[in-house]
Number of protein chains: 2
Amino acid sequence: METYEYDKRKCPTHASGEQCAKLLFPVKDALDVLSGKWKLQIILSLSFGKKRFKQIQREIPGLTPKVLSKELKDLEMNELVERHVYDTLPVSIEYELTNYGTTIKPLLGELHKWGSKHRKRIIARNGRKN
Amino acid sequence: METYEYDKRKCPTHASGEQCAKLLFPVKDALDVLSGKWKLQIILSLSFGKKRFKQIQREIPGLTPKVLSKELKDLEMNELVERHVYDTLPVSIEYELTNYGTTIKPLLGELHKWGSKHRKRIIARNGRKN
DNA sequence: GAAACCGCTATACTTTAGGAAACCACTATA
DNA sequence: TATAGTGGTTTCCTAAAGTATAGCGGTTTC
């Protein structure tokens, strides 16, 4: 008969626990700023150059003006995006990644890479959808 | 998974628009699976080796059993995590990253890197917190 | 002069994510 | 016998996210 002893041997208390905790904090911080359905998509869109409100909205399907407006404000607050107001008539407005914002590109690159592989995997599994 | 239709008519001026749309698709797919407050943290925790339920819960502060239970199911469904049941008394259970799950590590690495820089930035800005 | 662009905001509603607490059957430890 | 640990589930609840639709003050295009 096997007891907890057995399984403690198989699952010793992990030396990694503390180390893991340390890595966890920065990941959490990043997630605080970037998580959600839209922010990374918006940043990706802006990584091609500055864009106007409607332009972003058109490029990201399903994104409503209310949500876009809010997300842009969040990104501005975190200094990832800048809002430029040009003195035309009527005023035209553009959103642009800050220098800091561009530091997310490598992360976005990885996300894209993984997403591509994942997509293929799903399509293969489902026997083609769209 | 949905089809992304990029409307050329509506965005004629922007050459990058179409290219952007193509990149957006995989990013969306990745986000579908990974977004949320906990999944990447759980994957990070498991990237140090297989762990038991309570062990994961202890390592990730604020994570309640209900949420952990749900997230693990989601991750299992997406074949990122495997659940092993060992025939002990009482049964002991371990969660482990699948091979596929480990393909997220590079992404996690970038997230951690960016998160670290971001953390420093915030602390500098706020004049030291915690 | 109508329609359609621009950059949003307002209102109202539904859905989902996540949190708090209790609880279950079981085993081990003191 | 009491307490704590195991791997969760159940219930109830709130806050945030998202959806839908309309509107405003302006301009440019047909």
Side-chain angles (χ1 to χ4, degrees), chain A residues 1-14 17 28 31-42 45-46 50-77 81-96, chain B residues 2 7 9-14 28 31-42 45-46 50-76 81-96:
Chain A
M1 175 191 308
E2 293 173 310
T3 67
Y4 260 58
E5 289 300 307
Y6 164 81
D7 115 77
K8 269 180 185 167
R9 276 185 287 120
K10 291 229 156 171
C11 190
T13 46
H14 271 258
K28 241 178 166 168
L31 254 27
D32 274 350
V33 179
L34 301 175
S35 86
K37 196 172 172 181
W38 303 111
K39 291 199 182 67
L40 283 166
Q41 294 187 64
I42 293 170
S45 166
L46 289 178
K50 46 173 130 168
K51 291 187 181 158
R52 304 175 66 168
F53 192 90
K54 290 282 184 193
Q55 209 168 355
I56 301 171
Q57 203 199 326
R58 262 184 260 113
E59 277 180 12
I60 304 178
L63 181 52
T64 62
K66 177 193 161 187
V67 171
L68 177 54
S69 176
K70 186 224 154 205
E71 298 291 45
L72 285 170
K73 276 173 194 160
D74 286 354
L75 292 170
E76 236 192 301
M77 267 191 7
V81 163
E82 264 175 12
R83 184 180 196 260
H84 302 290
V85 182
Y86 298 104
D87 193 13
T88 54
L89 271 179
V91 289
S92 50
I93 293 166
E94 288 182 338
Y95 295 90
E96 187 178 15
Chain B
E2 20 161 334
D7 195 336
R9 290 165 302 136
K10 294 209 168 171
C11 196
T13 57
H14 230 265
K28 238 178 167 171
L31 253 28
D32 274 350
V33 178
L34 301 175
S35 88
K37 195 172 172 181
W38 303 110
K39 290 200 182 66
L40 283 166
Q41 294 188 65
I42 293 170
S45 167
L46 289 178
K50 46 172 128 169
K51 290 188 181 155
R52 303 174 65 168
F53 191 91
K54 292 281 184 189
Q55 210 169 355
I56 301 171
Q57 202 197 325
R58 263 184 260 112
E59 275 180 14
I60 305 177
L63 180 51
T64 61
K66 176 196 158 185
V67 171
L68 176 54
S69 174
K70 186 221 155 209
E71 299 291 47
L72 285 171
K73 277 172 193 160
D74 286 355
L75 292 171
E76 235 193 301
V81 164
E82 263 175 13
R83 186 180 195 260
H84 301 291
V85 182
Y86 298 105
D87 192 14
T88 54
L89 273 178
V91 290
S92 50
I93 293 166
E94 290 182 338
Y95 296 89
E96 188 179 14

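A quick note: this is a predicted structure, and the numbers were derived from the prediction, not measured. Naming: A, B, ... by sequence-line order, numbering from 1 per chain.
At C:dC5, none of the side-chain N or O atoms of A:R58 fall inside 4.0 Å of OP1 or OP2 (strictly under the cut-off). Taking only side-chain nitrogens and oxygens, B:S92 never comes nearer than 4.0 Å to OP1 or OP2 of D:dT6. B:S69 has a side-chain polar atom (N or O) that falls below the 4.0 Å cut-off from OP1 or OP2 of D:dT9.
At whole-Å resolution of the value, CG in A:L31 and P in C:dG18 are 10 Å apart. Atom-to-atom, NZ of B:K51 to P of D:dG8 comes out at 16 Å; the value is rounded to the nearest Å. Between A:R52 atom CZ and C:dC8 atom C1' the separation is 12 Å, expressed in whole Å. The interatomic distance linking B:L72 (CG) with D:dG7 (P) rounds to 11 Å, in whole Å. Remark: C1' of C:dG7 and OH of A:Y86 are 15 Å apart, rounded to the nearest angstrom. In this entry the distance linking CZ of B:F53 with C1' of D:dG5 reads 13 Å, nearest Å. Following rounding to the nearest Å, B:D32 (CG) and C:dT16 (C1') show an atom-to-atom distance of 14 Å. Atom-to-atom, CD of A:E94 to P of C:dG7 comes out at 9 Å; the value is rounded to the nearest Å.
Closest heavy-atom contact between B:K51 and B:S45: NZ-O, 2.8 Å.
Applying the side-chain hydrogen bond (donor to acceptor under 3.5 Å, both in side chains) criterion to B:R58, with sequence neighbours excluded, gives no partner residue. Residues satisfying the side-chain hydrogen bond (donor to acceptor under 3.5 Å, both in side chains) criterion with B:E76, sequence neighbours excluded, are absent altogether. For A:S92, the side-chain hydrogen bond (donor to acceptor under 3.5 Å, both in side chains) partners are A:T88, not counting sequence neighbours.
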Nucleotides 12-30 of chain D: protein proximity per nucleotide (B base, S sugar-phosphate only, - neither; heavy atom, under 4.0 Å):
B----SBBB------S---
Hey, mind stepping through A:I60 and A:L68 against side-chain contact (heavy atoms from CB on, under 4.5 Å) and telling me if it holds?
CA-CA 10 Å; A:I60 304 178; A:L68 177 54; over 6 Å; no
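Direction change of the helix axis from one end of the helix from C:dG1-D:dC30 to C:dA30-D:dT1 to the other is 0°, with five pairs defining each end axis (rounded to 10°).
Contact of the A:K70 side chain with the A:K73 side chain is not registered, since no non-hydrogen atoms from C-beta on lie closer than 4.5 Å. Counting heavy atoms from C-beta outward, A:I42 and A:L63 have side chains that approach closer than 4.5 Å. For the pair A:F53 and A:I93, the minimum side-chain heavy-atom distance is 4.5 Å or more.
Sequence neighbours left out, the pairs with a member in residues 33-42 of chain B that pass salt bridge (Lys or Arg N to Asp or Glu O under 4.0 Å) are B:K39-B:E71, B:K39-B:D74.
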